[in-house]
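A short write-up of the structure that comes next.
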Amino acid sequence: MDVANESTVSDFVLLGLSKSWKLQTFFFVVFSLFYVATMVGNSLIVITVIADSHLHSPMYFLLTNLSFIDMSLASFATPKMITDYLSGHKTISFDGCITQIFFLHLFTGTEIILLMAMSFDRYIAICKPLHYASIISPQMCVALVVASWVVGVMHSLSQVIFALTLPFCGPNQVDSFFCDLPVVFQLACVNTYVLGLFMISTSGIIALSCFILLFSSYVIVLVTIRNRSSKGTSKVLSTCTAHFIVVFMFFGPCVFIYMWPLSSFLIDKILSVFYTIFTPILNPVIYTLRNQEVKTAMRKLKNKLLNSNKATPLQYF
């Protein structure tokens, strides 16, 4: 039977992470807690940076944008997965599936470029401190953020356009908790070998190249400071370690999934959980708990709010 004469898939069934009721209950509780913590933690970073004038610097401007992207990345699929556990309705329309693919690649593509921008900011601050103010200007920061979103949109559109050209006429069970090309394209009524090569060339190699560039920048920073004082070395090493943890946790799963698109579905599921649920919470945990300036600003904001409440008691009449 020709593909043109076969029925077109109108929706997909998301198989999720497990069919076990006990595991689903466990995932519901854990992922709900992680999602709430991600939204609260990143929102607190955004509010703190905006409220404290001492944090109005390029690094914290980029960090605020990273928090916004992490909240978006955590929200494109996780809330649906959580509600699916409650309702038992695990289907998603074709348009909804394409929408998930679009936002997934939009936020991941944007975050990749933003992480590179943050690495560039730290490189200039540590290796060229005398030129930092002239190079990392407010205009440069805005340009870096805009560029990250432009690249994210372009990358996302390329993935969506590719997905829309695929014919879906047979099985509609997506072996994951959200739609992404590595699992959806295998349901297409065409040879998947060429599609796998396409994903490797467009997503896997790009992610791997960016990861290598970021790793190289941290190496250059450490080599640059090797003759400086031990205190300065310790501080830079701490900063680079925090950045590298975020980069590794974000890029590692992405590189593996897209460089080996035909790998085990179980491995893909585990890695997908990392960069959609666990990675977004790393931002507030690593950048906040390890940063004395942010912790001080949060305490000032809390004291300000408490004093404000004491100064304005409730009036009942």
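Annotation: ring pair (Phe, Tyr, Trp, His ring centres under 6.0 Å) contacts involving residues 106-128, sequence neighbours excluded, comprise Phe103-Phe107. Identified under the disulfide (SG to SG under 2.5 Å) test for residues 64-114, with sequence neighbours left out: Cys97-Cys179.
Proximity of the aromatic rings of Phe27 and Phe177 is defined here by a centroid distance below 6.0 angstrom, and this criterion is not met.
With no hydrogens or angles considered, no side-chain donor-acceptor pair links Ser148 and Thr110 at under 3.5 Å. When only modelled atom types and interatomic distance are considered, Ser32 and Tyr85 share no side-chain donor-acceptor pair under 3.5 Å. Between the side chains of Tyr60 and Asp52, no donor-acceptor pair of N or O atoms lies under 3.5 Å.
Listed for the His131 side chain is no donor-acceptor partner under 3.5 Å among the backbone atoms of Ile124.
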| said: Under the criterion side chain to side chain contact (heavy atoms under 4.5 Å, CB included), I'd like the reasoning laid out for Arg299 against Thr296: C-alpha separation, chi angles, the key distance, then a yes or no. | reply: CA-CA 5 Å; Arg299 284 195 294 267; Thr296 301; 3.4 Å; yes
| task | Show your reasoning for whether side chain to side chain contact (heavy atoms under 4.5 Å, CB included) applies to Leu157 and Met154. | result | CA-CA 5 Å; Leu157 286 176; Met154 293 176 62; 5.9 Å; no
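You'll find the side chain of Phe211 stays beyond 4.5 Å of the side chain of Leu214, heavy atoms only. Counting heavy atoms from C-beta on, the side chains of Ile47 and Leu301 come closer than 4.5 Å. Taking 4.5 Å as the limit, some side-chain heavy atom of Ile136 sits within range of a side-chain heavy atom of Cys141. Put simply, the side chain of Leu114 reaches to within 4.5 Å of the side chain of Val145, judged on heavy atoms. Using a 4.5 Å cut-off on side-chain heavy atoms (C-beta onward), Gln100 and Leu104 make no contact. Between Met140 and Pro58, every side-chain heavy-atom pair lies at or beyond the 4.5 Å cut-off.
Separation of atoms CZ (Phe178) and CG (Leu14) is listed at 10.0 Å; rounding is to 0.5 Å.
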